[in-house]
*Asks:* 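Below you'll find the structure I mean.
Values below: every heavy atom of this structure, side chains too, minus hydrogens, waters and symmetry copies. Note on naming: letters A, B, ... go to the chains in the order of the sequence lines (proteins, then strands), and numbering restarts at 1 for each one. What you are looking at is a predicted structure, and each value in this text was computed from that prediction instead of being measured.
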Amino acid sequence: MRNLSFDTETELIAPGRYAPRLICGSFYDGDFSPWLELRAGTIKTIGDALEDSETRIIGLNLAFDLAVVCQAEPALLPTVFDALDAGRFWDVGLFERLKAIALNHFRLDPQIGRRPSFSLAELSSKYLGKDRSVEKNDPNSWRLRYAELDGIPLEKWPQAAKSYALDDAKDPFEIYEKQAREGTPPLFKETHSHAFALHLMAAWGIRTDPAAVAALKKRLQERVDAATPQLIASGILRENGSENTNETKKRVLAALGSAAPLTKSGEKLASERDLTEDERIKYTKTSADVLEECGRDPALSLRLDIAKDRDELSNFVPRLELGTVHPINARFSVLVSTGRTACSKPNLQNNPRRSGVRECFVPRPGFVFVFCDYHVAELCSLAQTLIDLFGGSKMADEINAGRDLHVAFAAGLAGVSYEDALTRYKAGDKTIKELRQVAKAANFGYPGGLSAARFVDYAASMGVEISEAKSKEIRSAWLDSFPEMRRYFDWIASQTRTGSFEHIHPRTGFIRGGVSYCDGCNQGFQHLTAIGAKDALFSVARECYSDPSSPLFGSRPVVFVHDEIIIEAPETRLTAAAARLESIMVDQMRRYTPDVDCKATAAAARRWYKDAQPVVLDGELLPWTCPTPVLKPAFSR
DNA sequence: ACGCGATGCGCC
DNA sequence: AAAGGGCGCATCGCGT
C-alpha cells in the first residue's frame with residue numbers, strides 16, 4: 001500500500017461558501033520531500049490517487065479537502081465515494097476522536113488539560129512534539145492568505161507560504177505512522193464516510209424564507225413587548241430588558257415556601273449542611289415546571305407565558321436571519337461519545353417542535369423537502385443490542401410482530417389484549433390514549449436507567465400526572481413485559497461496581513471509556529441508531545451526488561437529526577426520490593439491526609413542518625399542506 | 001472587557 | 001442501592 005498525505009489551501013470559508021475555491025494542494029508520500037501543486041496539478045494528483053486501489057490517502061479533516069477538490073472538479077465525486085467505500089482513507093483527526101472516546105478523553109484530555117479540539121496544531125504537538133500555535137496566531141501567517149496567491153506560479157511564491165502548506169501535508173503523514181501502530185479502531189472506515197456525507201450536506205446548506213422569518217420575528221417581538229412593562233414593574237425584568245433572576249427566585253420562594261425546589265447544586269449543598277437565607281434564594285429553581293406551580297403570582301405566570309417567545313426571539317431568530325441571505329452552512333460533528341452526531345453554528349438539530357421556527361426553513365426553488373425518519377428508532381437499537389447480549393428479546397418480538405410498542409405496553413397496563421387496545425386507540429378512546437402516553441414515557445425513559453421516582457417528573461414533562469406509588473407499579477410492569485431488561489440493567493450494573501467501565505458495544509465493537517450506570521444503559525439505546533442512520537446518510541449522499549441511475553440523483557441532503565434525514569428533491573421526481581430514501585434508510589439500518597424490523601416513512605412539504613404526513617394521490621407523493629396555515633408556501637408551481 | 005461556572009432549555 | 005443520556009447555546013452573576 002502506498003501512503004499519500006494531502007492537504008489543500010483555499011480561499012476563505014465565508015457564509016454560503018463552505019467548499020471554497022482550491023488554490024493549491026500539498027502532498028507527501030514518505031519519499032524525499034513533500035511537494036506542492038496548483039489547482040490543475042492537485043486535481044490530477046488526487047484524482048490518480050483516488051483511482052489507485054493501492055493508495056491510502058491520509059490527512060486531517062479530509063472531508064473538507066475532498067469537498068474542495070470535488071467543487072473544483074465534480075467528476076471526482078464518484079471516485080471519492082468509491083474510495084470511501086473501500087476504506088482507503090486515514091484521517092488522523094477521526095482516529096484521534098475514536099481513541100479519545102475509547103479512553104474517556106473526549107471531554108477532558110489529561111495530556112493537554114482540556115477538551116481536545118482534534119486540530120492539526122494539537123495533534124502535531126501531541127504526536128510530534130511540534131509547536132504550531134505560533135504560526136496559527138501570527139497575523140502575517142500565510143494560513144489565511146492563500147487567495148492572494150491564486151494563479152501565481154509556484155516559483156514566485158514566498159518561501160513562508162510554501163513551507164506552511166508543506167507542513168500541513170507532512171505532519172499528518174508522520175502522525176499517521178504513529179497512529180497506525182495502534183491498529184484501526186472499530187467503525188474507523190465508516191466514520192470517514194459519515195464525515196464526508198455530513199460535510200457535503202453542510203456545504204450545500206439550507207435556506208430560510210425572509211418573509212417567514214420577518215413575520216415570526218414580529219409576532220414574537222409583539223408578544224414580548226406586550227408583557228415587558230408589567231414584568232419591569234414587578235422587578236423580574238430590568239429597564240434594559242435583562243432578567244433579575246434574584247427577584248424571580250424570591251418570588252418563587254414566596255409562592256411555594258419551603259416546597260420550592262432547589263437547583264442541582266443546591267440539593268447537593270443542602271444534603272451536607274443547612275442553607276443560609278441568601279443561599280436558599282440563590283439555589284431556588286426557576287425552571288418552567290416550577291413557575292407553573294406558582295400560578296397565583298401573576299408576574300411569574302406572565303414570565304412563563306413569554307419564556308418560549310423570548311428564547312426563540314433571542315436564540316433562534318438570529319440563526320434564521322442568516323439563512324435569508326446565504327444558505328446556512330452548519331457544522332456537523334461526525335462522532336460523539338454515543339456514536340451520534342452533533343451540530344453547531346447553528347445547531348440545526350434542536351429547532352423547537354412548536355410551529356414557528358421550523359417553518360422558516362424552505363427548499364430551493366424547484367425543490368421540495370422530503371423528510372424521512374425511523375419509527376421508534378432507539379427501541380430498535382436497544383432491541384438488537386438485547387438480542388446480541390442475551391440471544392433474544394421480547395421487545396424485538398413485539399417490534400417484529402408489527403406492533404406499536406406504546407400501544408402494546410398500554411394494553412398491558414389496561415389489562416386488555418393488544419388488538420382491543422389498538423382498536424380503542426384508533427377510535428379515540430381517552431383511557432387508552434392516556435395509557436399510551438404513559439407507555440411512551442416508560443419506553444423512552446426506563447431504558448436509560450430512569451428510577452421510578454424520577455419517572456414522575458419525566459412523565460409530567462410528557463403531559464402525564466402520576467403518583468410515585470403508581471410509578472413503581474408501572475416500572476415493575478414494564479420490566480415484566482420486557483424481562484430481558486432486568487438482565488440488561490444487571491449487565492451494566494455488574495460492570496460499574498468498581499466505578500466506571502469500558503463499554504464495548506456487542507455488535508459494532510465501538511469502545512467508549514469512562515462509562516457509568518446511566519450512560520451505560522443509554523449506550524445500547526442510542527448507538528446502533530446513530531451508526532445505522534449515518535450509514536444511510538452516506539448511501540443517500542452517494543446516490544444524490546454521483547449515481548445518475550438513482551431516483552435520488554440531483555436531490556441533496558440538507559439536515560440530519562439523529563434518526564431523520566431531510567433532503568431537497570426536485571419537484572419533478574418527488575415520489576421516486578422519497579421511495580428511494582425510505583428504502584435506503586431501512587436497508588442501511590438493517591445492516592446494524594438485522595434481527596429487528598425497523599421501518600421508516602417519508603413525507604414531503606414546502607416548508608420544514610414537524611407534522612408533515614405522507615399524502616399520496618394516484619400513486620404520487622404530494623407535498624403535505626398545513627391544515628391551519630400561518631404562512632403561504634414559499635415556492636409553488 | 002472578558003472568562004467561567006451554574007442554570008435552564010431546545011432537540012432526539 | 002440507586003442512577004435516562006447525548007449534544008449546543010444563551011443568559012446571569014461573579015470574578016479577574
Side-chain angles (χ1 to χ4, degrees), chain A residues 101 106-107 114-115 236-238 240-249 261-269 281-291 304 307-308 310-319 330-333 335-354 356-358 373-374 376-379 381-382 441-455 457-459 461 475 485 488-490 492-493 496-497 500 503 512 515-527 529-530 533 559-564 610:
Chain A
I101 292 170
F106 194 60
R107 289 171 180 283
R114 55 175 166 73
R115 192 188 179 105
I236 288 179
L237 293 189
R238 302 189 185 86
N240 67 11
S242 73
E243 181 171 6
N244 183 347
T245 52
N246 234 17
E247 177 60 28
T248 310
K249 289 170 181 175
L262 293 168
T263 64
K264 206 175 174 182
S265 41
E267 288 278 10
K268 189 163 178 266
L269 196 61
I281 296 169
K282 185 182 167 188
Y283 292 114
T284 295
K285 264 186 99 165
T286 61
S287 52
D289 51 324
V290 175
L291 295 190
L304 182 61
K308 282 181 191 291
R310 222 169 157 251
D311 179 48
E312 287 180 9
L313 195 58
S314 63
N315 187 0
F316 290 93
V317 166
R319 311 178 188 186
R331 322 276 162 122
F332 284 88
S333 184
L335 183 72
V336 296
S337 306
T338 54
R340 273 192 175 187
T341 59
C343 180
S344 66
K345 296 177 182 177
N347 183 355
L348 295 176
Q349 297 179 326
N350 75 341
N351 283 322
R353 298 163 67 98
R354 77 168 193 175
V357 171
R358 286 188 193 232
D373 66 340
Y374 294 103
V376 289
E378 293 175 318
L379 293 169
S381 169
L382 177 62
N443 287 335
F444 285 126
Y446 289 137
L450 197 65
S451 67
R454 295 285 304 273
F455 184 76
D457 293 331
Y458 185 76
S461 75
R475 184 154 200 274
M485 286 306 298
Y488 181 72
F489 292 136
D490 287 346
I492 304 288
T496 56
R497 297 259 154 73
S500 60
H503 186 290
R512 175 177 172 189
V515 172
S516 40
Y517 182 79
C518 289
D519 39 356
C521 294
N522 206 53
Q523 193 75 357
F525 193 49
Q526 290 194 348
H527 179 68
T529 297
V559 185
F560 178 79
V561 197
H562 309 302
D563 66 349
E564 178 182 25
K610 178 71 192 159

*Asks:* Compare side-chain N and O positions of R319(A) against OP1 and OP2 of dG8(C) and report whether any pair is under 4.0 Å apart.
*Replies:* no
*Asks:* Would you mind reading off the distance between E247(A) atom CD and dC12(C) atom P, rounded to a whole angstrom?
*Replies:*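 After rounding, the gap between these two atoms is 15 Å.
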*Asks:* When the distance from OH of Y458(A) to P of dC12(B) is rounded to whole Å, what number comes out?
*Replies:* 12 Å
*Asks:* Determine the contact category for Y374(A): base if any of its heavy atoms lies under 4.0 Å from a base atom, sugar-phosphate if only primed atoms, P, OP1 or OP2 are that close, otherwise nothing.
*Replies:*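 Since no nucleic acid heavy atom lies under 4.0 Å of Y374(A), the category is nothing.
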*Asks:* Between dG13(C) and T245(A), is there an OP1 or OP2 to side-chain N/O distance shorter than 4.0 Å?
*Replies:* yes
*Asks:* Across the strands shown, which category fits T341(A) at heavy-atom distances under 4.0 angstrom: base, sugar-phosphate, nothing?
*Replies:*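 Touches nothing.
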*Asks:* Do Q349(A) and F560(A) touch side chain to side chain, with heavy atoms closer than 4.5 Å?
*Replies:*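 Result yes, sub-4.5 Å side-chain heavy-atom pair found.
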*Asks:* Rounded to whole angstrom units, what separation is found between the CG atom of L262(A) and the P atom of dG8(B)?
*Replies:*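 Roughly 10 Å, once rounded to whole Å.
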*Asks:* Rounding to an integer number of Å, can you tell me how far I101(A) CD1 sits from dG6(C) P?
*Replies:*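 To the nearest whole Å, that distance equals 12 Å.
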*Asks:* Check whether any side-chain N or O of R310(A) sits under 4.0 Å from OP1 or OP2 of dT11(C), and answer yes or no.
*Replies:* no
*Asks:* Classify the side chain of N350(A) and the base of dG10(B) as holding, or not holding, a donor-acceptor pair under 3.5 Å.
*Replies:*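 For N350(A), whose side chain was compared with the base of dG10(B), there is a donor-acceptor pair (under 3.5 Å).
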*Asks:* Answer with base, sugar-phosphate or nothing: what part of the nucleic acid does R358(A) contact at a heavy-atom distance below 4.0 Å?
*Replies:*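 Here R358(A) touches the backbone only, sparing every base.
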*Asks:* Does the plane of the ring in F455(A) sit parallel, tilted or perpendicular to the ring in Y446(A)? Use 30° and 60° as the thresholds.
*Replies:* parallel
*Asks:* Which residues pass the side chain to side chain contact (heavy atoms under 4.5 Å, CB included) test with A288(A), sequence neighbours left out?
*Replies:* L304(A)
*Asks:* Among dA3(C), dG10(B), dC9(B), which is the nearest nucleotide to the side chain of A493(A)?
*Replies:*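 Closest of the options to the side chain of A493(A): dA3(C).
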*Asks:* Give a yes/no on whether any side-chain N or O of S337(A) is located under 4.0 angstrom from OP1 or OP2 of dG5(C).
*Replies:* no
*Asks:* So, is R107(A) close to the dC7(C) phosphate, meaning a side-chain N or O under 4.0 Å from OP1 or OP2?
*Replies:*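 Indeed, a polar side-chain atom of R107(A) lies that close.
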*Asks:* Of all the choices, dG8(B), dC9(C), dT7(B), which nucleotide is nearest to the side chain of S287(A) once you look at every atom?
*Replies:*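 In terms of side-chain proximity for S287(A), the closest of dG8(B), dC9(C), dT7(B) is dG8(B).
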*Asks:* For dG4(C), does OP1 or OP2 lie under 4.0 Å from any side-chain N or O of R454(A)?
*Replies:* yes
*Asks:* How many whole angstroms separate atom CD1 of I281(A) from atom C1' of dT7(B)?
*Replies:*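 After rounding, the reported distance stands at 17 Å.
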*Asks:* Should K308(A) be listed as having a side-chain N or O under 4.0 Å from OP1 or OP2 of dG10(B)?
*Replies:*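 K308(A) to dG10(B) OP1/OP2: side-chain N or O found under 4.0 Å.
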*Asks:* Taking the side chain as every heavy atom from C-beta outward, state whether L237(A) and R310(A) have any pair of such atoms under 4.5 Å apart.
*Replies:* yes
*Asks:* Once rounded to the nearest 0.5 Å, what's the spacing between atom SG of C343(A) and atom CG of N351(A)?
*Replies:* 9.0 Å
*Asks:* Nearest to the T496(A) side chain among dC7(C), dG8(B), dA3(C), which nucleotide is it?
*Replies:*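 Given the options dC7(C), dG8(B), dA3(C), the side chain of T496(A) is closest to dA3(C).
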*Asks:* E564(A) near the nucleic acid: base, sugar-phosphate alone, or nothing, with a heavy-atom cut-off under 4.0 Å?
*Replies:*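 Result for E564(A) = nothing.
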*Asks:* Can you find an N or O donor on one side and an acceptor on the other, under 3.5 Å apart, linking the side chain of Q526(A) with the base of dG6(C)?
*Replies:* no
*Asks:* Let me know the distance between CG of N246(A) and P of dT7(B), rounded to the nearest Å.
*Replies:*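 For the pair N246(A) CG and dT7(B) P, the rounded distance is 13 Å.
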*Asks:* Could you tell me whether E378(A) and R340(A) have a side-chain N and a carboxylate O separated by less than 4.0 Å?
*Replies:*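 Yes, this pair counts.
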*Asks:* Would you say a side-chain N or O of N244(A) is under 4.0 Å from OP1 or OP2 of dG13(C)?
*Replies:* yes
*Asks:* Classify the nucleic acid contact of S242(A) as base, sugar-phosphate or nothing, counting any heavy atom under 4.0 Å across all strands shown.
*Replies:*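 If one applies the 4.0 Å heavy-atom cut-off, S242(A) turns out to touch the sugar-phosphate alone, with no base involved.
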*Asks:* Classify the nucleic acid contact of K264(A) as base, sugar-phosphate or nothing, counting any heavy atom under 4.0 Å across all strands shown.
*Replies:* nothing
*Asks:* When you check the phosphate oxygens OP1 and OP2 of dA10(C), does a side-chain N or O of S314(A) lie under 4.0 Å from one of them?
*Replies:* no
*Asks:* Has the side chain of N522(A) got a donor or acceptor atom sitting under 3.5 Å from an opposite partner on the base of dG6(C)?
*Replies:*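 No such pair is found, so the answer is no.
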*Asks:* Classify R238(A) by what it touches in the nucleic acid, base, sugar-phosphate, or nothing, heavy-atom distance under 4.0 Å.
*Replies:* sugar-phosphate
*Asks:* Please determine whether a side-chain nitrogen or oxygen atom of S265(A) lies at a distance below 4.0 Å from atom OP1 or OP2 of dG5(B).
*Replies:* no
*Asks:* Considering only side-chain heavy atoms of N315(A), which listed nucleotide, dC7(C), dG10(B), dA10(C), is closest?
*Replies:* dA10(C)
*Asks:* So what does A288(A) touch, heavy atoms closer than 4.0 Å: a base, only the sugar-phosphate, or nothing?
*Replies:*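 Sugar-phosphate only.
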*Asks:* dC7(C) P sits how many Å from R340(A) CZ, rounded?
*Replies:* 9 Å
*Asks:* So, OP1 or OP2 of dT7(B): does either fall under 4.0 Å of a side-chain N or O from T263(A)?
*Replies:*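 Checking T263(A) against dT7(B): at least one side-chain N or O falls below 4.0 Å of OP1 or OP2.
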*Asks:* How long is the straight-line distance from CD of E247(A) back to CD1 of I236(A), given to the nearest 0.5 Å?
*Replies:* 6.5 Å
*Asks:* Need one value for F332(A): base, sugar-phosphate or nothing, where a base atom within 4.0 Å counts as base even if backbone is also close, heavy atoms only.
*Replies:* nothing
*Asks:* Nearest to the side chain of E243(A), which nucleotide is it out of dG8(C), dG8(B), dC12(C)?
*Replies:*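 Looking only at heavy atoms from C-beta outward on E243(A), the closest nucleotide is dC12(C).
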*Asks:* Under 4.0 Å, counting only non-hydrogen atoms across every strand here, what does K610(A) touch: a base, just sugar-phosphate, or nothing?
*Replies:*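 Counting heavy atoms under 4.0 Å across all strands, the contact made by K610(A) is with sugar-phosphate only.
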*Asks:* Would R475(A) and Y458(A) count as a cation-pi pair here, with the cationic atom under 6.0 angstrom from the ring centre and within 45° of the axis?
*Replies:*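 Not flagged: R475(A) not positioned over aromatic ring of Y458(A).
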*Asks:* Quick one: F560(A) CZ to dC11(B) C1', roughly how many Å, whole number?
*Replies:* 14 Å
